[in-house]
Novice: 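This is the structure, below, for whatever I ask next.
For ligands, and for the atoms within them, numbers begin at 1 and follow the listed sequence.
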Amino acid sequence: MCGIVGYAGNRDCTDVLISGLSKLEYRGYDSAGIAVFEDGKITVEKCKGKLEELEKKLAREHKPQGHCGIGHTRWATHGEPSDINSHPHGNANVSIVHNGIIENYIKIKAFLTDKGYEFDSDTDTEVVAKLLDYYYNGNPVETITKVLSEIEGAYGLEILFSDFPNTIYAVRKDSPLIVGVGQGENFIASDVPAIIQYTRDYYLIESDEIVSLTKDAVSICDIHGTKIEKELQHADWDVEAAEKGGYAHFMLKEIHEQPTAFRTTIKPRIMDGMPFIEECGITVEMLNSYKKIFIVACGTAMHAGLVGKYVIEKLARVEVTVDIASEFRYRKPIIDKDDLVILISQSGETADTKAVLMMAKEMGARTLSVVNVKGSSIARESDFVLYTHAGPEISVASTKAYMVQLSIMYLLAIELAYAKGVISKEECMHLTKELENMPEKISEVLELKDRCQFIASKLVTAESLLYIGRGLDYALSMEGSLKLKEISYIHSEAYAAGELKHGTISLVTEAMPVVAVATQSDLFDKTVSNVKEVKARGAKVTMICSEEVNVDKDVANHLVKLPKVDDILMPILAVIPLQFIAYYTSVLKGCDVDKPRNLAKSVTVE
Ligand code: M6R
């Protein structure tokens, strides 16, 4: 869950590495470091903290001058965030940066210690650097191949050998790696945003492919040394898409990008007024034939899956099981070849989600992934992929990715409902039209941001909050609660409104604000009763509901009224105030909105 970058060319290498790392900080920001060939020798500079700490150090002490080097931004797994545990690791002969985890590092460390090696850090990565040094025979590719046969785990590795001062070597297994191809310069990185400022053309590197990269050439071979030819990929999104574009934070920008992201995701999947998801290879007959549907994901993506469950079950009357990937993979689920397993992931790299995908494939099920990052591992390994077109999501807190995941859930549900004959063609076209109209409604709701900012000012001093709702609104409450705690560090809990009185209501006092989501007309009166129960115990209530309902003045302290759309589509609108409330609470608390503590955007370790 780190970011790695490498450059060989005529530019100032340190500048390119720093700019690349700044685009990868979403992958981790516990420490940063670079290794650059300077006067034929490897110079390493690294320190604890965000990239800006490294930049200050370089300005204060020494900025390596050179044209070939590697860089790293860390999300700590083995060893606390510290100067010494920062990457690169190695010695005068070899220097490496690593994204992933080496599972058998203790065994290798013991082996190398026996051979007289000493270790400075607590990291798993340092053992790989020292093992490369131990097996080095003058041929980097052979050396790397030997080391690969001994290490277990996941890795994206970039390696400098002091004997080859203009070359970067790299290899990956289960951690992403791309090679950017320029004119008289080449790049390597964990992800496209790191290179897009310089080139849009890139190769996707597969597991166990070894890259040798200089400014003039990129050569890729397998572990047997056989050369591999690759198709060049092209990144078609704007550089500005990965920049803040005048917004104070990426999160705010990404919230505002939701109408466009929604439109761009559903438009190509609507044909003659009907949903059309067949482009991914899944036919209506196939959809119709699956016995069970599982939706598996993590965090916000799992919350999108929960909405998917409600919507598919309600519209198509097909049973759907939703699970957290880290739980699902170890609970010996009963899956077989007649089942469809849907994986949802923004990054397409989440370790637990990917593990479930591999498990489902092994058990013979068909797999469909809903993924935002093109060419990511989950997308590539799935039988079918429905890409969401949110563009790059940089803020750790997911907003627009959730929105587009919802859009796919709705398309799937409507298509499935029609395929099953549960809804008529007219109903299908009506719902599809409503879905097509949602971007305008989303834009309307974005206008509520000042109201949400005001509400945030009332919540900012709370130590703990409750989010409550029923049905779809309960799924929304989970997302609202996660968003708030993730970026404002205020504890919160989502609870099914009707379940409160079975225990949790005892927590409610005037010190415990409650956010109630009440957008479903059939459940509205029941949720209002629950709201009254918490209000009677002193809670200050914020209620999110449709503009069509009449709410007595004394029911809630703060109301957020949403434009009325079909009940089933209300989550698409209701999530926006929840995002704004979390965002402004975080801003008011002075938190680092886009890079909350202890987190990383892409969770590639289990
Ligand atoms: O990349 P993924 O969608 O697979 O990521 C899943 C979660 O890690 C992610 O949604 C996380 O919960 C977000 N930080 C929430 O805002």
Novice: Touching ligand 1 at all, T353? Heavy atoms, strictly under 4.0 Å?
Specialist: no

Novice: For atom 2 (P) of ligand 1, find the nearest protein heavy atom and state the residue, atom name and distance (0.1 Å precision).
Specialist: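 Checking every protein heavy atom, the shortest distance to atom 2 (P) of ligand 1 gives T350 OG1, 3.2 Å.
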
Novice: Any cation-pi pair here, K50 with Y29, using under 6.0 Å and within 45°?
Specialist: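 Satisfied, under 6.0 Å and within 45°.
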
Novice: Are R366 and Y290 in a cation-pi contact, defined as NZ or CZ under 6.0 Å from the six-membered ring centre and within 45° of the axis?
Specialist: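 The answer is no; the distance or angle limit is not met.
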
Novice: Can you give me the closest heavy-atom contact between P596 and I487, atom names plus distance?
Specialist: CG-CG2, 4.0 Å

Novice: Run the numbers for me: atoms of ligand 1, each under 4.0 Å from some heavy atom of S347, listed by number.
Specialist: 1 (O), 2 (P), 4 (O)

Novice: With distance as the sole criterion, is a donor-acceptor pair present between the side chains of T123 and N85 under 3.5 Å?
Specialist: no

Novice: Going by the rule side-chain hydrogen bond (donor to acceptor under 3.5 Å, both in side chains), which residues pair with T542 if we only count those two or more places apart in sequence or in a different chain?
Specialist: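 T542 satisfies side-chain hydrogen bond (donor to acceptor under 3.5 Å, both in side chains) with no other residue.
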
Novice: Roughly how far, to the nearest 0.5 Å, is the CE atom of M302 from the CD1 atom of I324?
Specialist: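 Here the rounded value is 4.5 Å.
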
Novice: Regarding atom 9 (C) of ligand 1: of the candidates L599, T300, V396, which has the closest heavy atom?
Specialist: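 It is T300 that holds the nearest heavy atom.
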
Novice: Using a 4.0 Å cut-off to any heavy atom of A397, which atoms of ligand 1 qualify?
Specialist: 16 (O)

Novice: Atom 8 (O) of ligand 1: which protein heavy atom is closest, and how many Å away?
Specialist: V603 CG2, 4.0 Å

Novice: Give the table of side-chain donor-acceptor pairs shorter than 3.5 Å for residues 451-458, with sequence neighbours excluded, one pair per line with atom names and distance.
Specialist:
residue, atom, partner, partner atom, Å
R451, NE, L559, O, 2.8
R451, NH2, L559, O, 3.2
S457, OG, F454, O, 2.5

Novice: Would one find an N or O of Q405, backbone or side chain, under 3.5 Å from an N or O of ligand 1?
Specialist: no

Novice: So which bit of E486 gets within less than 4.0 Å of ligand 1, heavy atoms only: side chain, backbone, both or neither?
Specialist: side chain

Novice: Angle class for the Y105/H78 ring planes (parallel below 30°, perpendicular above 60°, tilted otherwise)?
Specialist: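 Judged by the thresholds at 30° and 60°, the geometry between Y105 and H78 is perpendicular.
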
Novice: Side chain, backbone, both or neither: which applies to K483 and ligand 1 if a contact is any heavy-atom pair less than 4.0 Å apart?
Specialist: side chain

Novice: Any atom of ligand 1 sitting under 4.0 Å from a heavy atom of H303?
Specialist: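 So H303 does not count as touching ligand 1.
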
Novice: Could you find the nearest protein heavy atom to atom 6 (C) of ligand 1 and give me its residue, atom name and distance?
Specialist: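 Going atom by atom, the protein heavy atom closest to atom 6 (C) of ligand 1 ends up being C298 O, 3.3 Å.
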
Novice: Write down the atom of E254, the atom of K400, and the distance for their closest heavy-atom approach.
Specialist: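 For E254 and K400, the tightest heavy-atom pair comes out as O-CB, 3.5 Å.
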
Novice: Within ligand 1, which atoms have a heavy atom of A301 less than 4.0 Å away?
Specialist: 3 (O), 10 (O)

Novice: Using a strict cut-off of 4.0 Å, indicate which atoms of ligand 1 neighbour a heavy atom of Q346.
Specialist: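 Going through ligand 1 atom by atom, the ones under 4.0 Å from Q346 are 1 (O), 2 (P), 3 (O), 4 (O).
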
